[in-house]
Structures are given as C-alpha cells and as structure tokens.
Amino acid sequence: MNNPKFRTGAAMQAELQSPTATKPNPVLDAARAGKYLIFHLGREQFGIQVLKVREIMGLQDITAVPHTPTFVKGVFNLRGKVIPVIDLRLRFHMPEIEYSPRTCIIVVSLLGSDEPIPMGLVVDGVAEVINIAEADIEATPTFGSDLDTSYLLGIAKTRGEVRLLLDIDRALTVEQFEAFAKLSDAVISGAD
Amino acid sequence: MAESIKNESVECELRLLIDEMAARSMSVPPGDNGEGQAVCENFAVIHRLASEAGLEDVAALAQSLQNAPLSGDVTYLRDAVRQIQEKMETTTLQHKISKEVPVVSQEMSLADPELVADFLVESREHLVAAEEHALALEKEPGDTEAVNALFRAFHSIKGLAAFLDFDRVYRFAHEVETLLDHARNHELVVTPAVIDAILASADFLLRCMDAIESGVLAELPATEGIVVEQIRQLISACAKPPENSNESQLAPSCVPVASTLEDDIGALVGSTPSVASTTPDNGNPELPLTEKSATESSPSSARGKGNAERYSIRVDTDKLDYLMDIVGELVIAQSLMRTEIMDKSSTNWNLTRNLGQLTQITSDVQRTTLRMRMIPIGQLLQRSSRIVRDLARKCGKPVEIEIDGEDTEVDKTIAEELSDPLMHIVRNAIDHGIESPKERASAGKSAVARIRFSASHEGSQIVVQVSDDGKGLDRAKILRKARERNLISNEELTDKEVAELIFNPGFSTAEVVTTISGRGVGMDVVRRHVEKLRGRVDVESTPGAGTKFIIRLPLTRAIIDGLVVRVGESRFVIPLSSVREIFRPAESSISTVQTKGELVLLHNRLLPIVRLHRRLSISPSITDPWDAVLIVAESEGRQFCLMVDELIGKQEVVVKSLGQFLKSTPGVSGGTILGDGKVGLIVDVQQLEVRA
C-alpha cells in the first residue's frame with residue numbers, strides 16, 4: 001500500500017541518500033500538527049488525533065464474532081449500539097499479552113462512506129493528551145519491504161520521546177475486512 | 001411559435017412510429033422474413049419524418065438501416081430499432097437544450113440552498129398527492145374535490161417555482177394549471193386523455209425536481225414539448241362555456257384570478273409592480289404565492305387543505321434510530337434493576353409497586369418509539385395502483401383496482417422495500433394472469449378485470465395480499481417448463497408444489513421476452529427480497545378463477561422473535577421465522593453418508609444436519625447429535641437441522657447492525673443486546689444452509 005503523501009520528489013530523493021534526513025513538507029505537517037492522545041502498546045508509544053477519539057473506557061464484556069481476522073476481538077454493547085473491538089497489538093503483529101487493569105478501550109470514529117463508524121481499540125494503557133507542533137514531526141522512514149508503515153502519519157519527537165502518529169483510517173479499512181470475510185466464506189458454507 | 005409546434009407534432013408522430021416498431025420487432029418470431037421486411041419498410045417513413053422535423057442525424061441513420069440487407073435475423077431488426085431509438089433520444093435532447101431556457105436561471109446560484117431543499121420536498125409531496133388525485137379523478141370524473149386538489153397542487157408548485165426563479169418549471173406548471181382551471185370550471189370534460197396528460201405532467205415535473213437536485217441541466221427529459229402539446233390540444237378542444245348564468249358567473253371570475261396571480265408573480269420576480277387587483281385579498285407580497293388568494297376568490301373551490309389532514313412534523317430518521325437504541329438500553333437497565341431489587345427486598349410493598357409502575361411506563365415508551373417509524377401502507381399501495389393503471393392501458397386490458405386496509409401501519413423501511421416485490425407481482429398478474437377482454441368475455445367473466453390489494457395485521461405480522469380474477473396459474477405449462485429446465489424429476493406434484501415452482505430462479509413461462517415481464521427474474525427475486533425482510537411469500541391459485549399472492553412480514557424490521565441457543569461458551573439467536581421444529585433425536589435416527597454428511601430421520605424424512613459449532617468455528621460442549629438439540633430450519637423452501645448444545649429460551653430481540661466492518665461476516669446477520677446487557681449474535685440461516 002503506497003502512501004502517496006510521502007512520495008514527494010524531495011522525500012524520495014532524501015530517502016535514497018539517508019533514511020532520516022527528509023525535507024519537511026509544510027502542507028503535510030500542518031495537517032498533522034495538533035492535539036494527540038498518547039497510548040502505549042508494550043514499549044512503543046502511539047498517538048491518535050484527539051478529534052478522532054470519542055471516548056475511553058475500561059475493558060468491557062466482548063462477544064467474539066466467528067470468521068473475523070484474529071485482531072478482531074469481537075463486539076460489545078456501547079449504550080445500545082453494537083460496536084466492533086480491535087486488539088491493536090495483534091493488528092500490528094505484536095505478541096498478544098494478558099489484559100491488565102490498565103488495559104483500556106479507546107473508542108474512535110473512523111471515516112465511513114456516509115457517516116463516521118465507531119470502533120473500539122484495545123490498548124495496553126493510555127498516558128496523556130499533548131500538543132504536537134509541525135516542527136516536531138518527521139516523515140516515516142521506510143524500512144524496506146519488511147515493515148508496512150503506511151498507516152503512520154509520521155513520527156513525533158517531543159521532549160526526547162518518540163511517538164508513532166497513527167493514521168487510524170488507513171490502519172483499518174472496510175476492504176481489509178471484506179477480503180477476510182470472503183476467505184472465510186468457504187468454511188461457513190460447509191466446504192470441509 | 002407555430003413552427004416549433006409543428007416540429008414538435010412531427011416529432012411526436014416520429015416517436016410513436018419508432019415505439020410501435022420497437023413493439024412489433026419484439027413480437028416478430030425468429031426466422032420470419034416477411035413480417036420483418038414489413039417492419040423494415042417503416043425505416044423509409046422514419047427517414048421522411050425525421051427530415052421534416054429537422055433531425056438530420058436520425059434521418060441519415062434511418063436511411064442507412066433501410067438500405068442494409070435484411071439477413072432474416074430478427075436480432076438485426078431489434079438492434080436497428082434500438083439504434084434509432086438511441087439516436088432519437090440524443091438528437092432531440094441536444095435540440096431541446098439548445099432551444100429552450102435552462103431549468104434554473106442565472107439567479108440559481110443566489111438561491112438559498114435551504115429554500116431549494118424545502119422547495120424540492122414540498123413540490124415532490126404535491127406531485128405524489130397529485131398522482132393520487134388524478135387516479136381518483138379517473139375513477140370518478142365528476143369528483144370536484146379531486147379536481148380542486150389537483151389544481152391546488154400544481155398552483156402551489158407554480159408559486160414556489162416563481163419565488164425561486166425556476167422559469168421552466170414555472171411555465172410548465174402554468175400550462176397544467178390552466179388545463180386544470182378549465183376542468184374545475186366545468187369547461188373541460190375529464191377524459192382518460194386528460195388524465196394521461198396530468199400524469200405525464202406530474203412525471204415530467206418530478207424529473208425536473210431530480211434535475212434541480214443534482215444540478216445537471218443536460219439530464220432534463222426531452223418529453224416536455226410533447227406534454228405541452230397534448231395539454232394545449234386538450235385545452236383548445238374543450239367546449240365553449242355554456243350560455244347559462246351559472247357558468248358565465250364563474251367564467252369572468254377566472255380572469256381576474258389569473259391576472260392577480262400574474263401581478264403577484266411579477267412583483268416577486270422583480271418587474272414593475274402593477275396596480276392593485278380587483279380581488280379583495282392580495283396576500284402579502286413577500287410571501288410565495290399560497291393558494292389562499294386563488295381559493296378565496298373562486299367560489300367553486302373547497303376549503304383550505306389544513307382541515308382534514310393531521311398535524312405532523314418531519315423528524316430526522318437518525319434521531320429516531322438513536323432514540324430507539326437508547327430506549328432499548330432503558331428497558332434493559334430497568335429490568336436488571338428490577339431483578340436486583342426483587343431479589344433483595346421483595347417484601348417492601350411500596351418499592352414493588354413503584355417498580356411495577358416504572359416497568360409499565362418503560363414498556364409504553366418502547367412501544368411508542370417503535371410506532372414512530374410506522375406509516376400507513378396506503379401510500380405504497382397507491383404507487384402500485386398507478387403502475388397497474390399504466391400497464392393495463394399499455395396491454396389493452398381494462399383493470400379495476402381495489403384497495404383494502406390502506407390505514408394499516410408498517411415500518412417505513414419495510415414499506416420502501418416492499419415496493420419492488422409488489423411491482424413484480426403486479427406486472428406478472430397483468431401480463432400473464434389477466435386475460436384479454438375477448439378471452440374474458442368467452443369465459444363469461446366481466447370485461448373489466450379486478451386486482452385487489454389488501455393489508456392487515458395478524459399478530460405481530462403484517463399481511464399484504466395481491467389477488468386477481470384472471471385465469472390462475474397454468475399447471476400444465478409450469479410443469480412443462482420445469483421439466484425442460486430439469487427442475488423436477490418426480491412426476492407427482494401437489495398443486496401447492498407446482499405453485500412453488502414459479503419461485504425458482506430462471507423460471508418463466510413467457511414465450512416471448514416482452515418489455516414488461518417474462519424475463520424469468522420476477523418471482524424468485526420477489527421471494528428473496530421478502531425473505532431478506534424475514535418474511536415469507538406464498539401463492540394460491542384456482543385455474544380459471546384467479547391467483548392470490550400472500551406476503552407476510554414482521555411488523556417492524558427492528559424486532560424479531562428469536563430462539564436463544566448456546567453453542568460452547570457463546571450464545572446465539574436464531575430467527576424464529578426460520579424455525580420449524582425443535583427436538584432431541586434418538587441415536588437410532590442418526591445416520592451418516594460417507595462418514596462426513598450426517599442425516600437425521602424425522603417424520604419419515606431425512607434431513608441433513610449442520611453442526612453450528614463447526615460452521616462458526618467454536619469448540620462445543622456436546623459432540624454427539626443425540627445428546628444435542630436439533631432445530632429444524634427452513635430457507636428458500638429447503639429444510640435442514642441445526643445442531644446446538646442447549647436451548648436457552650425464546651425472546652423478542654431488537655436487531656442491531658454489526659456496522660460496516662463486520663456486516664459482511666458470513667454466518668451472522670446482526671447482533672442484539674441480550675437481557676444481561678451482553679451482545680448475542682444473530683445467525684444467518686440462509687448462509688448456513690448446506691450447499692450441494
């Protein structure tokens with residue numbers, strides 16, 4: 001999945017020379033600057049734009065849904081609405097861990113075709129909300145074909161800490177789910 | 001002006017000829033050279049007419065098609081006719097666009113989008129009502145209330161259009177309004193041709209609304225000229241007002257009304273305001289023209305429309321959906337609290353009584369919220385009767401429509417989804433079921449056929465029936481077709497089973513594919529549509545007497561009766577509408593096929609067993625069918641057994657969507673909140689069915 005945002009001529013040139021020395025793109029950075037909710041998965045810290053966050057809650061009773069990708073834990077009841085829950089660790093191919101009292105669910109609003117789609121994300125813990133300026137954001141370096149980093153808006157360096165800024169709409173798309181559903185169709189129809 | 005009218009009437013003639021050719025080319029049997037030749041000769045006529053009307057492209061195409069050799073292949077003929085039709089459409093469209101004033105004038109960009117949106121909503125409502133009144137008027141040509149209602153509808157649209165500077169809509173509405181004015185002053189006899197013109201006008205204006213909404217001028221329908229022509233012909237043909245005093249009293253009062261309207265409109269559009277008119281009520285010049293000024297000066301019209309209609313307001317469906325979700329939570333919270341309290345303090349008399357009150361009120365709130373989305377099914381049936389009328393006229397079979405139970409309320413979304421199936425059924429009835437007037441006469445039936453729509457509540461379901469008094473299902477023909485398609489092997493079928501065959505995909509007994517129906521997609525689409533709404537459709541037929549289709553649907557889409565079952569650690573809900581029986585099998589009745597397929601013997605029939613835990617990839621607590629519970633489910637006429645660990649109970653559940661991401665998950669069709677607040681998944685029986 002090529003992220004067209006990063007494929008500016010300057011960026012490509014810079015990447016070929018050195019992975020970290022990319023020219024800052026003012027238009028891009030302006031879109032990325034703002035308030036972020038910081039949470040962590042293991043030792044990595046991530047940030048999600050505050051505008052996308054609807055609420056944060058503790059762990060809920062989750063009902064598993066068959067034939068969904070492994071990172072889909074299932075669905076739960078949010079004030080009468082049935083909302084899907086994703087385990088972000090599994091989504092980013094990290095090893096699964098047991099949930100602790102600090103584990104929480106961040107309910108975000110994803111971009112939908114007509115209206116926003118609510119989605120719950122299970123994370124190890126939530127830290128704080130901080131303001132990130134353009135100057136602190138750098139484009140995500142590529143690590144070759146080993147790692148798919150297209151769902152990152154960029155990397156922020158603030159007060160010596162590195163935070164990965166998440167483009168949550170790219171990390172979770174309806175197409176990914178539908179593709180998976182098609183694969184499971186064989187099982188459901190009894191083609192043993 | 002005269003030139004353009006002449007051109008338009010030549011064009012009209014041309015169109016009729018092309019349509020006729022299209023119809024005839026459809027009925028030419030394959031390989032028939034003679035008939036095909038005759039139809040081809042018409043290309044010469046088309047060429048002549050097109051040149052006369054100034055449509056050079058069409059003329060040139062017609063000439064080339066005429067000169068090409070006819071290979072005797074009927075598909076060539078049909079293709080040629082289709083080409084001419086397309087050419088006709090594109091050419092006349094270009095002509096119209098270059099000649100006419102655009103639908104919206106330059107000031108459109110200044111018009112407040114909210115005003116435009118309101119205009120569209122109101123106009124569409126007027127047009128839908130107009131259609132209803134037109135049909136009523138056709139049945140009862142002397143119905144003055146209907147004529148007046150029609151006049152008011154077009155008059156209102158005209159006024160609104162003037163206010164927003166929609167010149168073309170305004171001018172067109174004015175033409176129709178003039179026609180209706182003559183009608184309500186008894187200067188015009190209401191014939192079926194008049195009704196046709198009115199209905200065509202309503203259709204044209206509806207398409208204008210669509211054009212305005214999408215802002216695409218080029219999409220404007222090209223039929224405007226034809227309809228205007230029809231209207232003008234009808235007006236000029238209407239009888240002169242008779243000499244008696246009553247009529248002459250009315251006639252003069254028409255004129256000042258008209259000029260008042262023109263004056264007021266002139267004032268609104270910005271031309272020099274004119275001298276005050278003769279009628280007492282000029283109305284507020286700032287307001288868009290309401291029917292007040294017209295009705296108050298015209299003595300024959302009825303009172304204002306506010307009286308008979310109920311008060312209503314428009315509510316965003318999103319708000320209603322949210323309200324329903326929250327009310328569902330309220331019910332659960334209330335019931336959880338009740339259980340807790342009853343456990344601990346059931347001896348507290350006051351508390352128990354108050355709790356009882358709360359429960360009552362909560363159920364009431366829930367019931368009322370559900371009813372808010374319900375609309376009377378009459379609107380939907382009205383639309384169907386319009387289709388019946390148009391089709392009947394096209395086929396030359398006079399049909400009378402009866403509607404019963406139009407006040408029966410049904411959820412708005414269900415009403416919308418029902419319109420397609422009803423349309424298919426009606427088309428079939430007219431095309432195949434109802435005989436031509438000649439056939440009916442020789443069978444001793446009334447010349448006018450009857451189609452009856454009836455709607456009623458039956459328990460928690462709504463039942464819609466469509467019956468006709470035609471010739472019924474042709475058993476022999478159906479059996480023959482079914483055998484041709486290898487759909488059946490067993491020769492002995494009951495009447496009911498034969499009737500069921502028509503719902504088979506790809507089944508159609510029409511010899512020739514007509515433009516109306518007979519493409520073999522009708523009935524199976526109807527069944528699938530209805531089953532998607534968790535309903536069922538059945539058919540009953542008596543040869544020679546008629547056919548009846550019965551559609552049963554749950555009252556609201558949102559709530560279904562479900563069977564809550566346990567498989568392993570999870571709970572699932574199976575829609576009760578798909579369940580036929582529940583039982584625990586004896587070990588002896590279970591048999592296997594090739595050690596993989598399992599069958600159970602029930603009532604002397606062998607049914608396949610579907611292990612729910614395997615299909616949903618869950619580890620079960622019970623592995624042998626004879627220790628488990630078997631649920632006989634039915635989907636698309638076929639039965640099979642679902643194996644579950646335990647039956648928990650029957651429950652009315654509110655269906656909730658799983659959202660865009662999970663809605664395509666196979667095997668589950670939705671979720672619901674169970675009594676303890678947790679989510680239970682609703683099983684999609686159709687997808688679990690054993691595939692051969």
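Residue numbering restarts at 1 for every chain, and letters A, B, ... go by the order of the sequence lines.
The heavy-atom pair separating B:Leu658 from A:Pro84 by the smallest distance is O-CD, 4.4 Å. Closest of all the heavy-atom pairs between A:Lys81 and B:Asp325 is CG-OD2, 3.7 Å.
Proximity of B:Val679 to A:Ile62: side-chain heavy atoms (C-beta onward) are nowhere separated by under 4.5 Å.
Atom OH of B:Tyr322 sits in a sparse spot, with 12 or fewer heavy atoms from other residues, nucleotides or ligands closer than 6.0 Å. Under a cut-off of 6.0 angstrom, the local environment of CD in B:Glu569 is sparse, with at most 12 non-hydrogen atoms contributed by other residues, nucleotides or ligands. Within 6.0 Å of atom CD in A:Glu128, more than 12 heavy atoms from other residues, nucleotides or ligands are found, so the atom counts as buried in its surroundings.
In terms of modelled atom types and a separation under 3.5 Å, the side chain of A:His67 and the main chain of B:Val668 share no donor-acceptor contact. No donor-acceptor pair closer than 3.5 Å links the side chain of B:Lys678 to the backbone N or O of A:Thr63. The backbone N or O of A:Pro66 sits nowhere less than 3.5 Å from a side-chain atom of B:Ser617 that would complete a donor-acceptor pair.
Only the side chain of A:Asp61 comes within contact range of chain B, with at least one heavy atom under 4.5 Å from a heavy atom of that chain. The contact between A:Leu110 and chain B is made entirely by side chain atoms (from C-beta outward), counting heavy-atom distances below 4.5 Å.
Separation of atoms CZ (B:Phe661) and CG (A:Leu172) is listed at 6.0 Å; rounding is to 0.5 Å. Considering CD of B:Glu329 and CG of A:Asn77, their distance stands at 4.5 Å, rounded to 0.5 Å.
Note: B:Leu681 leads B:Asp318, B:Ile326, B:Leu681, B:Ile618 in heavy-atom pairs under 4.5 Å with chain A.
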